Amino acid sequence: MARIIVVGAGIGGVPAAYELRAKLGPEHPITVVSAQAYFQFVPSNPWVAVGKRVRKEIVVELQPHLEKKGIGFVAQSVSVIHADRNEIGLADGSVLPYDYLVIATGPRLAFEEVPGSGPIDGFTHSICTVDHAEKAFAAYENFLQNPGPVIVGAMPGASCFGPAYEFAFILDADLRRRKIRNKVPITYVTSEPYVGHLGLGGVGDSKSMLESEFRNHDIKWINNAKTSRVEAGRLFTTELDAHGNVVREHEVPFSFAMMLPAFKGVDAVAGVEGLCNPRGFVLIDEYQRSKKYRNIFSAGVCVAIPPVEVTPVPTGAPKTGYMIETMVTAIVENIAADIEGRQGEAKGTWNAICLADMGDTGAAFVALPQLPPRNVNWFRKGKWVHLAKIAFEKYFLHKVRAGSSEPIYEKYILKALGIFRLEEK
Ligand code: FAD
């Protein structure tokens with residue numbers, strides 16, 4: 001018997017639990033431990049922030065669905081991991097032992113790195129969690145009574161840029177629909193060296209296409225933006241050139257702002273001796289296995305991936321759905337092999353595929369592999385992406401409710417995009 005604990009119940013953790021259950025016999029107990037009692041479909045949060053979705057449409061209570069599949073569930077935050085004695089400590093003081101630990105804790109949102117930012121005690125909003133997106137929507141409703149300038153973008157050290165573009169275009173479409181777009185100057189403020197960089201060094205023609213879309217939608221931009229602080233209604237940012245020299249200091253006014261923060265690893269994970277890099281992301285080998293603790297595996301935003309390139313203002317590489325799906329599948333194969341006394345050799349991919357909604361249309365990109373030069377470097381725009389994103393949302397939520405272990409990207413999305421595992425595997 002091997003006891004397996006999955007920490008985190010997001011896009012990485014829930015599929016990991018279902019795939020493990022489908023792969024391993026019932027003699028191996030699987031328990032999910034997560035800070036919230038529910039799964040939230042994070043990619044829908046930009047829609048929540050403009051009222052196109054409400055919480056109950058994108059959130060699933062986990063207990064009944066996991067129980068139905070014979071998976072234990074503990075809705076508690078992990079406060080400490082004792083990797084040296086194979087135990088985790090929970091917020092209520094209880095302790096759970098494990099034989100294998102799968103860490104899928106996602107990001108800690110590092111708002112503290114830019115004073116005045118964030119929705120808790122700052123002046124900018126976030127769409128990173130459903131709670132934040134709901135708060136952003138409440139502020140957006142007030143803003144609509146008295147519209148003014150808007151800032152959307154990403155802070156220094158951010159890695160997840162797709163949702164910032166999405167939100168800028170979704171907001172633009174919503175304001176046009178309400179016929180008040182003429183009262184709202186929008187500025188996109190980003191740590192990326194150029195529009196369309198996406199933390200990936202660009203994908204295909206993403207630079208010229210996204211610049212052109214911004215021009216067509218009257219969205220101005222400041223890139224290489226080293227945002228240093230935010231005050232009520234004012235964001236302070238230093239624009240750098242390609243060599244890191246100061247080009248201009250900006251004080252950008254806003255009535256509503258949504259800035260994605262830099263990510264770090266969550267405290268319980270970051271605090272484990274030898275497990276993580278200095279920002280608290282789990283250091284793994286090519287088999288998703290901790291370099292130091294051989295019975296700990298990790299998937300999702302919490303793993304350490306180096307930036308694609310050095311940029312004047314720091315940026316990271318995004319970790320998106322397809323990458324996370326392949327990480328999860330590799331972990332399941334490798335734990336199963338380990339239990340059977342075989343050498344687990346399954347690998348995830350660091351390929352990026354993303355469907356980004358743009359309100360009434362959308363943009364999709366595929367970067368295989370993530371690091372240029374690539375075998376596939378593909379960026380397209382069309383209404384079909386908007387529809388594909390809705391289908392992705394519906395299907396993923398169905399998968400969580402049904403306890404399905406089938407990999408969505410492998411089975412549907414790659415094929416829909418006409419890509420049949422072209423990558424290097
Ligand atoms: P999460 O989904 O964040 O899950 C982390 C889990 O860990 C949560 O259940 C949390 O409660 C739990 N947890 C955290 N700390 C603890 C603790 N101490 N103890 C117990 N549990 C803990 N990618 C795409 O491919 N397509 C998209 O369209 C897309 N849109 C995105 C939109 C937004 C706004 C953001 C922020 C990201 C988006 N991404 C998208 C990127 C990525 O797919 C998501 O961030 C995804 O949610 C990452 O999954 P995860 O499982 O790693 O982390």
Side-chain angles (χ1 to χ4, degrees), residues 5-17 31-49 58-60 62 73-81 88-91 96 101-109 125-133 136 154 158-167 170 198-199 258 260-261 263-272 280-282 298-303 305 317-325 327-328 351-357 362-366 385 388-390 392-393 396 400 408-409 413:
I5 292 181
V6 178
V7 187
I11 284 185
V14 171
T31 306
V32 174
V33 180
S34 190
Q36 281 99 24
Y38 55 85
F39 167 85
Q40 60 176 295
F41 188 65
V42 171
S44 296
N45 286 336
W47 287 329
V48 173
I58 65 148
V59 156
V60 179
L62 282 168
F73 182 57
V74 180
Q76 274 206 55
S77 191
V78 172
S79 46
V80 61
I81 298 173
I88 56 170
L90 308 185
L96 292 177
L101 186 67
V102 179
I103 297 176
T105 41
R108 181 171 84 66
L109 309 172
H125 285 279
S126 152
I127 47 171
C128 292
T129 68
V130 67
D131 292 342
H132 291 175
S159 50
C160 185
F161 297 97
Y165 287 97
E166 260 192 319
F167 191 63
I170 289 171
L198 296 160
M258 196 299 293
L260 294 175
F263 291 168
K264 289 181 104 172
V266 307
D267 293 345
V269 174
V272 181
F281 293 111
V282 182
S298 188
V301 171
C302 59
V303 305
I305 290 185
K319 295 151 209 171
T320 49
Y322 176 53
M323 192 188 286
I324 298 173
E325 179 177 289
M327 290 180 184
V328 164
N351 297 324
I353 297 181
C354 199
L355 305 174
D357 185 39
F365 66 77
V366 179
V385 185
K389 179 114 195 187
I390 296 172
F392 174 46
E393 173 200 54
F396 206 101
V400 172
I408 294 180
Y409 282 89
I413 296 183

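We count residues from 1, following the sequence as given. What you see is a predicted model; the values in this text were computed from it and never measured. Start at 1 and go down the list; that is how both ligands and their atoms are numbered.
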Nearest candidate to [atom], where distance is taken over non-hydrogen atoms, out of [options]:
atom                    : options                : answer
atom 28 (O) of ligand 1 : E393, M327, K389, E166 : K389
atom 33 (C) of ligand 1 : A164, A268, P163       : P163
atom 3 (O) of ligand 1  : G12, G10, P107         : P107
atom 34 (C) of ligand 1 : V328, L62, I127        : I127

Is there at least one protein heavy-atom neighbour under 4.0 Å from atom 18 (N) of ligand 1?
yes
Starting from [atom], what is the nearest protein heavy atom, named by residue and atom, and what distance separates them?
atom                    : result
atom 15 (N) of ligand 1 : V266 CG1, 3.7 Å
atom 49 (O) of ligand 1 : I11 CB, 3.6 Å
atom 20 (C) of ligand 1 : A35 N, 3.4 Å
atom 36 (C) of ligand 1 : V42 CG1, 3.7 Å
atom 26 (N) of ligand 1 : C354 SG, 3.9 Å
atom 42 (C) of ligand 1 : K319 O, 3.5 Å
atom 40 (C) of ligand 1 : P43 CG, 4.1 Å
atom 8 (C) of ligand 1  : A9 N, 3.9 Å

On the six-membered ring of F263, is K319 placed so that its NZ or CZ lies under 6.0 angstrom from the centre and within 45° of the ring axis?
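The answer is no; the distance or angle limit is not met.
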Just which atoms of ligand 1 are under 4.0 Å from any heavy atom in [X]?
X    : answer
S77  : 17 (C), 18 (N), 19 (N), 20 (C)
G300 : 52 (O)
V301 : 45 (O), 48 (C), 52 (O)
G321 : 23 (N), 24 (C), 25 (O), 43 (O)
A104 : 5 (C), 6 (C), 7 (O)
C160 : 35 (C), 37 (C)
L355 : 28 (O)
I324 : 43 (O), 48 (C), 49 (O)

Would you name the heavy atoms of A364 and L355 that are closest together and state the gap between them?
CB-CD2, 3.9 Å
Which atom pair, heavy atoms only, marks the closest approach of V80 to A268?
N-CB, 4.1 Å
State which residues pass side chain to side chain donor-acceptor pair (under 3.5 Å) with S159; sequence neighbours excluded, sorted by chain then number.
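For S159 there are no side chain to side chain donor-acceptor pair (under 3.5 Å) partners, ignoring immediate neighbours.
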Listed by chain and number, what are the side chain to side chain donor-acceptor pair (under 3.5 Å) partners of Q40, not counting sequence neighbours?
N45
Just let me know how N45 lines up against ligand 1, side chain, backbone, both or neither, with a heavy-atom cut-off below 4.0 Å.
neither
Which bit of V7 gets closer than 4.0 Å to ligand 1, counting heavy atoms only: side chain, backbone, both or neither?
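It is the side chain that gets close, since no backbone atom is under 4.0 Å.
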Report yes if the side chains of [X] and [Y] come closer than 4.5 Å at any heavy-atom pair, otherwise no.
X    : Y    : result
V32  : F39  : no
P107 : C128 : no
L198 : Y165 : yes
I5   : V33  : yes

To the nearest 0.5 Å, how far apart are [atom1] in [X] and [atom2] in [Y]?
X    : Y    : atom1 : atom2 : answer
D267 : T105 : CG    : OG1   : 10.5 Å
M327 : Y322 : CE    : OH    : 12.0 Å
I11  : M323 : CD1   : CE    : 13.0 Å
I390 : W47  : CD1   : CH2   : 5.0 Å

Should S34 be listed as contacting ligand 1, given a heavy-atom distance under 4.0 Å as the test?
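Right, S34 reaches ligand 1.
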In terms of the angle between their ring planes, are F396 and F392 parallel, tilted or perpendicular, with boundaries placed at 30° and 60°?
perpendicular
So, regarding V78 and ligand 1 (criterion: nitrogen or oxygen to nitrogen or oxygen, under 3.5 Å), is there a contact or not?
yes
